[in-house]
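Below, chain A is the first sequence line, B the second, and so on; all start at residue 1. Because the structure is a prediction, the values reported are computed rather than measured.
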Protein chains: 2
Amino acid sequence: MNRKVSAITTEIFPSDMRTSLGRNLTYGMLDVIGRSIVIGEYDNVAFPTEAELARQHGVSRAVTREAVKMLTAKGLLSARPRQGTIVQPQSSWNLFDSDVLHWLLERKFSVELLRHFNQLRVAIEPEAAALAAMQATDAERAAIGAGLARMVAAEAGADNTLAADIAFHVAVLEGSRNPFYKQFREMVASALATSIHFTNRIKGRTASIEDHRAVYDAILARDSDSARCAMRRLISDVLILIGEAEVTAKP
Amino acid sequence: MNRKVSAITTEIFPSDMRTSLGRNLTYGMLDVIGRSIVIGEYDNVAFPTEAELARQHGVSRAVTREAVKMLTAKGLLSARPRQGTIVQPQSSWNLFDSDVLHWLLERKFSVELLRHFNQLRVAIEPEAAALAAMQATDAERAAIGAGLARMVAAEAGADNTLAADIAFHVAVLEGSRNPFYKQFREMVASALATSIHFTNRIKGRTASIEDHRAVYDAILARDSDSARCAMRRLISDVLILIGEAEVTAKP
DNA sequence: GTTCCTATATTTATCATATCTATCTGACTT
DNA sequence: AAGTCAGATAGATATGATAAATATAGGAAC
């Protein structure tokens with residue numbers, strides 16, 4: 001399943017956005033160690049020294065140090081002479097970093113993570129829709145419309161449902177004309193990619209095209225309040241589904 | 001003014017959270033180059049090669065590569081053999097990285113940036129307050145109350161107004177019990193640190209303790225809707241002030 | 001003239017080794 | 001008990017050599 005998610009997100013986003021493909025030794029090592037840390041492999045054991053890491057992975061210390069430095073930049077590690085390299089608490093991880101996000105999703109698929117994602121989406125996306133309604137350019141409005149059109153096409157089997165859904169939501173974020181909102185593209189894409197498989201399993205959720213159209217119409221009409229409400233309804237539905245799933249999954 | 005902001009944020013957050021103090025050559029270089037990129041120093045000129053960078057800064061290639069790798073991890077650079085190292089478009093910068101955030105604020109103080117900050121806050125914080133109302137622990141609720149108490153004390157000159165304000169808002173984020181929301185501590189702190197000086201200049205904005213108390217009371221009463229509204233009101237006020245400032249600043 | 005291939009130069013990537021610097025530990029001094 | 005010093009440890013830095021990737025130009029084939 002992770003493979004599939006990864007395949008779809010790379011369809012949406014150019015591969016350049018993923019820094020950590022096994023392009024070379026440094027990035028390969030970054031990926032391996034990053035994943036290990038996120039899994040929790042070093043939770044109760046001391047993190048190896050630089051020299052030991054290099055030996056374990058069969059690479060030079062230079063490569064090791066570069067990988068460690070990148071993980072430090074992402075908030076997973078910190079290094080000091082004599083003290084050694086230590087794993088940072090999860091609270092200081094850069095959760096909006098695409099690598100960290102991918103490692104988290106690969107780790108173990110948890111409903112809790114999905115809920116956290118969508119608790120964030122329900123804050124971000126309605127407001128993004130409201131901003132888009134007020135200040136999106138014509139081209140950006142057109143992109144949102146194109147996303148909706150793709151969803152309609154997907155309904156008829158002429159497009160990928162997930163990709164279309166992502167395209168719509170990303171277009172709304174872009175329409176906000178706020179660089180901070182745009183940062184959430186990856187997160188929203190990941191959330192949708194994981195939740196679509198999940199919610200389909202819970203309930204035969206028909207892709208709610210009408211709800212999406214309501215958002216689009218409000219944005220087109222420059223009605224920011226309606227846009228906010230429509231988007232909020234859309235994501236609240238997902239949150240409710242997740243909540244139900246958690247309750248039924250407990251016993 | 002940047003110095004002051006930095007001093008206050010380091011009062012709030014332990015220095016460990018700031019990765020890029022001039023602790024050593026690598027971090028010093030990271031800071032210098034990162035700032036240069038954000039300023040736009042390389043916008044129309046080719047970024048130097050690894051060897052050239054090392055020469056310019058008087059350090060070894062190893063140090064240079066480590067600094068470049070960290071900037072790559074933060075989304076500011078990308079490097080490929082033969083092509084060289086190139087500055088990435090701003091859209092791929094990791095805006096929630098604390099270093100990037102600091103460089104952005106140091107750059108030039110722009111009202112636009114402040115507006116973008118608060119457009120994000122108006123999405124995040126009301127929802128965080130709503131979540132906190134529903135699921136914050138007793139200790140977390142107490143922390144929010146402590147933040148409010150500090151604001152009251154600051155009113156009487158017994159505490160720092162800004163630090164108290166930040167403590168309150170950060171406590172609400174912590175109360176959300178969602179790791180993604182907690183990531184915004186730095187952003188909110190930076191936004192408050194810059195906006196407090198700014199809004200004071202625009203208007204004799206008395207620290208709106210009553211508005212903050214309304215948020216706290218709602219959270220304590222586990223009334224998520226009221227908490228959301230109260231927090232939204234709080235931040236909307238700031239957004240309006242910024243909007244007015246932009247209009248008057250235009251001509 | 002256009003397309004395709006290939007040689008070459010350039011730049012990052014990697015390795016190996018030596019040395020420096022920070023800092024924890026414990027012994028020694030006062 | 002407090003302060004000082006020496007040793008040990010782990011990251012930090014420097015250097016020089018080599019490998020791998022790839023943009024570009026020049027030439028071959030059509």
Side-chain angles (χ1 to χ4, degrees), chain A residues 14-34 36-37 42 45-88 92 99, chain B residues 14-34 36-37 42 45-88 92 99:
Chain A
S15 60
D16 277 15
M17 294 194 66
R18 275 290 280 151
T19 48
S20 70
L21 253 136
R23 285 209 304 259
N24 55 37
L25 292 183
T26 304
Y27 284 99
M29 193 172 190
L30 166 71
D31 206 50
V32 170
I33 301 181
S36 302
I37 293 173
Y42 298 107
V45 294
F47 196 82
T49 65
E50 209 174 88
E52 176 62 15
L53 263 185
R55 198 193 57 71
Q56 285 177 4
H57 292 81
V59 294
S60 70
R61 278 187 68 192
V63 167
T64 305
R65 283 183 57 81
E66 286 169 16
V68 166
K69 276 280 144 62
M70 293 185 79
L71 287 164
T72 303
K74 292 172 188 297
L76 303 199
L77 291 176
S78 97
R80 288 173 59 191
R82 173 75 212 209
Q83 184 192 36
T85 308
I86 56 179
V87 175
Q88 294 293 103
S92 60
D99 288 324
Chain B
S15 60
D16 278 15
M17 295 193 65
R18 274 291 280 152
T19 48
S20 69
L21 254 136
R23 286 208 304 257
N24 53 39
L25 292 183
T26 304
Y27 285 100
M29 194 174 189
L30 165 72
D31 205 50
V32 170
I33 301 181
S36 302
I37 292 173
Y42 297 107
V45 294
F47 196 81
T49 65
E50 209 174 86
E52 176 62 14
L53 263 185
R55 198 194 57 73
Q56 285 176 4
H57 292 80
V59 295
S60 71
R61 278 189 62 203
V63 167
T64 305
R65 284 183 56 81
E66 286 169 15
V68 166
K69 276 279 143 61
M70 293 186 79
L71 287 164
T72 304
K74 292 172 187 299
L76 303 199
L77 291 177
S78 95
R80 288 172 60 190
R82 171 73 212 210
Q83 186 194 40
T85 308
I86 56 179
V87 176
Q88 294 292 102
S92 61
D99 289 323

May I ask you to verify if any side-chain N or O of B:T85 is less than 4.0 angstrom from the OP1 or OP2 atom of C:dT11?
-> no
When rounded to whole Å, the CG to P distance for the pair B:L30 and D:dT13 reads 12 Å
In whole angstrom, give the distance that lies between atom CG of B:L77 and atom P of C:dT12.
-> 11 Å
Rounded off to whole Å, could you give me the CG-to-P distance for the B:N24 and D:dT13 pair?
-> 4 Å
Taking atom C1' of D:dT13 as reference, at what distance in whole Å does atom NE2 of B:H57 sit?
-> 16 Å
Between CD of A:Q83 and C1' of C:dA22 the distance, given in whole Å, is 12 Å
Test side chain to side chain contact (heavy atoms under 4.5 Å, CB included) on B:E52 and B:R55 and set out the steps.
-> CA-CA 5 Å; B:E52 176 62 14; B:R55 198 194 57 73; 2.9 Å; yes
Write down the distance between CZ (B:R55) and C1' (C:dT11), rounded to a whole number of angstrom.
-> 17 Å
Residue mapping more 5' on DNA chain C - nearest nucleotide basis, A:R82 or B:P48 | B:P48
Without swapping roles, check the side chain of A:T72 against the backbone of A:V68 for a donor-acceptor pair under 3.5 Å.
-> yes
Under 4.0 Å: is that the gap between some side-chain N or O of B:S60 and OP1 or OP2 of D:dT13?
-> no
Using heavy atoms to find the nearest nucleotide of DNA chain C for B:G84 and A:P81 separately, return the residue whose nucleotide is more 5′.
-> B:G84
Does some side-chain heavy atom of A:L77 sit less than 4.5 Å from a side-chain heavy atom of A:Q88?
-> no
Taking only the side-chain nitrogens and oxygens of B:R65, find out if one of them lies under 4.0 Å from OP1 or OP2 of C:dT12.
-> no
Ignoring the backbone of B:R61, work out which of D:dA10, C:dT12, D:dT13 is nearest its side chain.
-> C:dT12
Please state how far atom CD in A:E66 lies from atom C1' in C:dT12, giving the value in whole angstrom units.
-> 10 Å
Length of the CD1-P vector between B:I86 and C:dT11, whole Å = 14 Å
Return no unless some side-chain N or O of A:R80 is found under 4.0 Å from OP1 or OP2 of C:dC24.
-> yes
Output the distance between atom CZ (A:R65) and atom OG (A:S60), rounded to the nearest 0.5 Å.
-> 11.0 Å
Out of C:dA13, C:dT14, C:dA18, which has the shortest distance to the side chain of B:A79?
-> C:dA13
Under 4.0 Å between a side-chain N/O of A:K69 and OP1 or OP2 of D:dG11, yes or no?
-> no
Are A:T64 and A:E50 close enough that a side-chain donor and a side-chain acceptor fall under 3.5 Å?
-> no
